[in-house]
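Heads up, the thing below is written out as structure tokens.
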Amino acid sequence: MTDPRSLESPAESLDEIRVRALAGDPRAETELFAQLRVRFLSLAKRRVQPDHAEDVVQEALGVVLRKYRDLDPDRGILVWSLTVLRNVIGNHYQARRRDTEQTTQVDDWHAVPEASLADDPADPLLAEETARRLEAAIAELARTSPRCGLIFGKLLASLEVGGGPREVSSRALAMVQQEQPDLARNSFYVALHRCRAQLRALLARADGKAAHA
């Protein structure tokens with residue numbers, strides 16, 4: 001049996017598949033929803049009872065299918081789709097609570113927190129997408145501001161080594177100064193502040209912001 005994940009080329013993102021689907025490629029739309037279903041089902045199985053997971057996934061995919069063509073082209077399809085799934089799961093729990101309001105025994109599954117799936121840093125699927133978006137934004141920023149690209153590159157390398165925020169930033173400063181010896185400590189932090197502002201703007205533009213959901 002073919003693994004649905006094999007339908008997507010490793011070099012092609014969900015957003016690129018969406019572009020092909022919007023251009024009228026039926027196979028691309030099939031690929032897109034196969035990939036989303038894999039992600040949705042993995043999340044739903046951890047947040048609702050197993051026998052309800054498929055229903056939740058199908059409902060969420062139905063919403064995405066009806067609305068994804070109108071999605072802001074600058075907004076990532078996965079983050080938006082996970083927000084749809086989050087809302088469907090929230091509605092599922094609200095319905096379950098209404099059905100059990102008159103009972104005294106509480107199903108353990110009702111205690112699962114209804115945290116935002118789109119903002120859950122512990123979720124590995126979303127962490128992967130967040131990392132991809134961050135890398136893409138840094139790469140775009142580096143094209144217009146090489147110094148920002150250098151700074152963020154060294155910060156990421158320092159983060160991989162580990163340590164507290166001060167240790168990470170001090171190590172990144174030392175790395176940057178190896179390539180730019182004339183960069184003073186104060187100038188580094190001023191540049192870092194400005195680069196962060198530019199990166200936030202890029203990410204906000206890429207997401208289309210939550211108001212466009």
Side-chain angles (χ1 to χ4, degrees), residues 5-6 8-19 32 35-36 38-40 42-43 46-47 71-83 85-86 113-213:
R5 286 168 290 189
S6 66
E8 179 184 3
S9 167
E12 188 174 31
S13 70
L14 290 178
D15 291 317
E16 290 168 332
I17 297 175
R18 175 182 60 168
V19 170
L32 177 63
Q35 292 298 316
L36 288 176
V38 169
R39 290 161 169 81
F40 280 15
S42 176
L43 290 167
R46 300 202 297 271
R47 286 167 171 82
L71 182 65
D72 187 324
D74 291 328
R75 183 156 193 198
I77 183 71
L78 180 57
V79 173
W80 171 75
S81 296
L82 290 177
T83 302
L85 178 63
R86 174 201 62 191
E114 294 176 19
S116 168
L117 301 184
D119 297 324
D120 183 357
D123 191 290
L125 293 173
L126 199 47
E128 176 184 341
E129 174 67 9
T130 299
R132 186 193 66 77
R133 290 171 51 246
L134 184 59
E135 289 175 0
I138 291 174
E140 180 179 349
L141 180 59
R143 287 193 289 270
T144 58
S145 177
R147 173 169 283 184
C148 288
L150 174 65
I151 288 174
F152 282 126
K154 300 307 182 185
L155 274 172
L156 291 174
S158 183
L159 279 169
E160 290 182 0
V161 176
R166 181 173 298 180
E167 183 181 356
V168 168
S169 60
S170 295
R171 187 187 300 122
L173 169 60
M175 292 178 178
V176 172
Q177 287 178 327
Q178 288 179 359
E179 299 188 28
Q180 296 188 357
D182 295 334
L183 182 66
R185 179 183 181 87
N186 286 343
S187 297
F188 169 81
Y189 284 106
V190 169
L192 176 59
H193 176 75
R194 291 174 178 170
C195 290
R196 280 174 172 164
Q198 294 179 62
L199 183 63
R200 282 195 296 270
L202 282 174
L203 289 169
R205 188 165 68 245
D207 283 347
K209 295 186 178 180
H212 295 151

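Judged as a side-chain contact (heavy atoms from CB on, under 4.5 Å), and not counting sequence neighbours, the contacts of L159 are L156, V168.
Considering L192, L141, L199 in turn, L141 is the only one that fulfils the side-chain contact (heavy atoms from CB on, under 4.5 Å) rule with C148.
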Sequence neighbours excluded and cut-off under 3.5 Å, please list the side-chain donor-acceptor pairs for residues 169-182, or say none.
residue : atom : partner : partner atom : Å
S169    : OG   : P165    : O            : 3.1
S169    : OG   : R166    : O            : 3.0
S169    : OG   : Y189    : OH           : 3.3
S170    : OG   : R166    : O            : 2.9
R171    : NH1  : S158    : O            : 2.8
R171    : NH1  : S158    : OG           : 2.9
R171    : NH1  : G162    : O            : 3.0
R171    : NH2  : G162    : O            : 3.0
R171    : NH2  : E167    : OE2          : 2.9
Q177    : NE2  : L183    : O            : 2.9
E179    : OE2  : K154    : NZ           : 2.8
Q180    : OE1  : R147    : NE           : 3.2
Q180    : OE1  : R147    : NH2          : 3.0

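From L155, atom CG reaches atom CZ of R196 across 6.5 Å, with rounding to the nearest 0.5 Å. Distance check, rounded to the nearest 0.5 Å: CG of L150 to SG of C195 gives 9.5 Å. For the atom pair CG (L78) and CG (D15), the distance works out to 8.5 Å, reported to the nearest 0.5 Å. How far CD1 of I151 is from CD1 of I138: 11.5 Å, rounded to the nearest 0.5 Å. The CZ atom of R194 lies 9.5 Å from the CD atom of Q198; values are rounded to the nearest 0.5 Å.
When every heavy atom of R18 is checked against every heavy atom of D72, the shortest pair comes out as NH1-O, 3.8 Å.
Side chain of E160 to main chain of A157: no donor-acceptor pair is present (N/O by atom type, distance under 3.5 Å, no hydrogens or angles).
In this structure, Q35 and I77 have side chains that are not in contact, with every pair of non-hydrogen atoms separated by 4.5 Å or more. Between V190 and H193 the shortest side-chain heavy-atom distance does not fall below 4.5 Å.
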